[in-house]
Structure formats: structure tokens, C-alpha cells
Amino acid sequence: MKQSVKLVAGNWKMNGLGASLGEVEALAKALQEQAAACRVALCPPATLLDRMARVVADTPVELGAQDCHAETAGAFTGSVSAAMVADAGAGLVILGHSERRAGFGETDADVAAKVEAALAAGLEPVICIGETLAEREAGQAVEVVSRQVAGSLPSSLAGKAFAVAYEPVWAIGTGLTPTLEQIEEVHVAVRAAMVAKLGEGGRVAPILYGGSVKPSNAAEILAVAEVGGALVGGASLKAEDFLGIVRAV
């Protein structure tokens with residue numbers, strides 16, 4: 001079964017104001033002038049979703065959100081539902097990021113419930129997994145990510161568009177990067193876990209790598225077996241830096 005086209009997605013996290021949309025305009029213009037060999041997406045804070053949707057309309061840049069609630073509506077002050085994300089113009093949503101798991105106590109079951117909500121709203125989920133430094137040093141990286149795949153990916157994903165993003169927690173925003181051999185080992189294990197959970201449908205979805213991806217290391221990381229793209233943090237805030245990663249595909 002043929003795998004999906006590679007995806008390079010930028011996670012702006014809690015960064016970006018209206019003035020930041022100029023970087024998005026520059027990115028969209030560059031990709032219109034020279035098409036990328038992969039899908040390109042930006043995931044800004046919820047406050048920018050609607051405005052960014054207008055900027056990227058009719059351009060190659062896709063729009064995603066950074067999270068959504070598992071419920072469709074209700075008394076959840078400060079939360080945003082999957083339907084609201086879609087209504088704002090997004091087509092993708094990041095779920096289960098390590099910062100949500102660690103900082104907000106999200107479990108695999110919580111992530112799976114959000115994935116179900118995203119699918120119901122017609123969104124393409126990007127489901128994050130990854131081990132901590134302690135788990136890596138204990139030799140548990142493969143065990144941890146395999147368990148997260150089994151618990152965070154509901155069976156309803158089979159046949160649907162989605163991606164999994166492997167982000168070693170200890171490499172996010174630290175400048176540290178696993179060796180290419182370590183990245184390949186985990187991505188191969190994640191693929192096996194996806195196939196075990198979803199059957200042939202687990203062979204199609206791209207597995208993105210995230211964790212201090214930058215223009216200087218993107219090409220070698222994206223060439224690793226089973227790396228189907230990248231989830232980019234800080235380097236996605238500037239069009240020039242993000243384009244350097246996109247062009248490395």
C-alpha cells in the first residue's frame with residue numbers, strides 16, 4: 001500500500017500575533033512561486049486561526065490547530081471544540097503533544113477521545129508520541145512509543161487521513177537531536193505498532209519527526225527510513241527558516 005505524501009507542519013505553540021501574518025504571506029507566496037515536494041501546514045494559536053485561514057486561502061499552505069476538546073460543546077471555559085476548529089478554517093489538528101501530556105495531564109485515552117472528536121468534525125489529526133529523557137536513558141523508548149500508539153490511536157482511524165508525530169520530549173526546543181540511527185529505530189517501531197493497531201491502514205499514514213528540526217539538519221533527518229515529514233517548532237515562525245526545511249524534502 002502506497003504511503004501518503006510527506007507532511008511538514010509548523011507548530012507555533014503560544015507564539016504569534018496579528019503582525020506575524022506577514023511571515024505567513026511570505027511563505028505562501030514562495031510556495032506559489034515554487035511548489036514544494038511535500039504538504040505544508042501551519043498550526044498557529046487559536047486566536048490566529050480565522051485570520052490565517054484568509055491569508056492561506058487558495059495557496060499551498062494548509063491550516064491546523066494545536067488542540068481541541070473531546071466534547072462537541074458545553075461548559076468547558078477556555079476550550080475549543082473540533083467543530084470550532086473546522087469552522088475557523090483549519091483542516092488539521094495536533095493532538096497529544098508532550099506539552100499537553102506533561103503540562104495538562106493528558107493520557108493516551110484522553111488523546112484517543114480527542115482523535116475521535118477530530119474525525120467526527122472532518123479534521124485530520126496529527127497524533128504526537130515520544131519518550132522522556134529518563135525513559136530514553138532506561139532503554140524504554142521503543143516500549144513507550146509503542147504503548148502510546150496502541151493507546152492513543154482509536155481503531156476508527158483505519159482508512160482515514162492522519163499522521164503520527166514522534167517527538168522525543170528531551171529534544172524539543174533543546175537543540176539536542178537523537179542520532180539518525182535512534183530516529184530510524186523508533187520510527188520503524190512506531191510503524192510496526194501502527195500496523196498492529198490498524199492493519200494495512202497503519203502502513204499509509206506518515207510518521208513525522210519533531211524535536212529541534214532546523215534547516216541545517218532537516219535533509220538528513222527527512223532521508224531516514226520511515227520519516228514521512230517533520231513537526232517543526234521554533235523554526236516555523238520565520239518563513240525563511242521554515243522554507244529551508246520544506247525545501248529539504
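In what follows, every heavy atom counts, from backbone to side chain, and hydrogens, waters and symmetry copies are set aside. Note that the coordinates shown come from a computational prediction; the quantities given were computed from them, not determined experimentally.
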Side-chain polar contacts of residues 34-45 - donor-acceptor pairs under 3.5 angstrom, sequence neighbours left out - could you list them?
from, atom 1, to, atom 2, distance (Å)
Arg39, NE, Glu62, OE2, 2.9
Arg39, NH1, Glu124, OE2, 3.0
Arg39, NH2, Glu62, OE1, 2.7
Arg39, NH2, Glu124, OE1, 2.9

Please tabulate, for the side chains in residues 23-32, all donor-acceptor contacts under 3.5 angstrom to protein atoms that are two or more places apart in sequence or on a different chain.
from, atom 1, to, atom 2, distance (Å)
Glu23, OE1, Ala239, N, 2.8
Gln32, NE2, Asp58, O, 3.4

Donor-acceptor pairs under 3.5 angstrom involving side-chain atoms of residues 216-224: please list them, not counting sequence neighbours.
from, atom 1, to, atom 2, distance (Å)
Asn217, OD1, Lys214, N, 2.9
Asn217, ND2, Ser212, O, 3.1

Pair up each side-chain donor or acceptor in residues 154-163 with any protein partner under 3.5 Å, not counting sequence neighbours, and list the distances.
from, atom 1, to, atom 2, distance (Å)
Ser156, OG, Glu116, OE1, 2.8
Ser156, OG, Glu116, OE2, 3.4

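A side-chain donor-acceptor contact under 3.5 Å links Ser236 to the backbone of Gly233. The backbone N or O of Glu106 lies less than 3.5 Å from no partner atom in the side chain of Arg101, so there is not a single donor-acceptor pair. Judged by distance alone, the side chain of Arg191 and the main-chain N or O of Gly202 form a donor-acceptor pair under 3.5 Å. Between the Asp110 side chain and the Thr107 main chain, a donor and an acceptor come within less than 3.5 Å of each other. Between the Lys114 side chain and the Leu95 main chain, no donor and acceptor come within less than 3.5 Å of each other.
For Pro215 against Asp241, the heavy-atom pair with the smallest separation is CG-O, 3.3 Å. Shortest non-hydrogen contact noted between Thr177 and Gly211 is OG1-O, 4.2 Å. His69 approaches Phe76 most closely through the heavy-atom pair NE2-CD2, 3.4 Å.
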Can you list the steps and then say if Glu131 with Tyr166 is a side-chain hydrogen bond (donor to acceptor under 3.5 Å, both in side chains)? CA-CA 9 Å; Glu131 83 282 2; Tyr166 164 59; 2.9 Å; yes
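For Arg147, the salt bridge (charged side-chain N to carboxylate O under 4.0 Å, His left out) partners at least two apart in sequence or on another chain are Glu143. Not counting sequence neighbours, Glu135 has no partner by the salt bridge (charged side-chain N to carboxylate O under 4.0 Å, His left out) test.
Taking a 6.0 Å sphere around CD of Glu240, one finds it holds 12 or fewer heavy atoms contributed by other residues, nucleotides or ligands.
Following chains of ILVMFWY side-chain contacts shorter than 4.5 Å, one can reach Trp12 starting from Met84, so the two form part of one hydrophobic cluster. Linking Ile, Leu, Val, Met, Phe, Trp and Tyr whenever their side-chain heavy atoms come within less than 4.5 Å puts Val8 and Leu243 in one cluster.
For the pair Asp50 and Arg54, the salt-bridge criterion is met [side-chain N within less than 4.0 Å of a carboxylate O].
Side chains of Glu226 and Tyr209: a donor-acceptor N/O pair is absent below 3.5 angstrom, by distance only.
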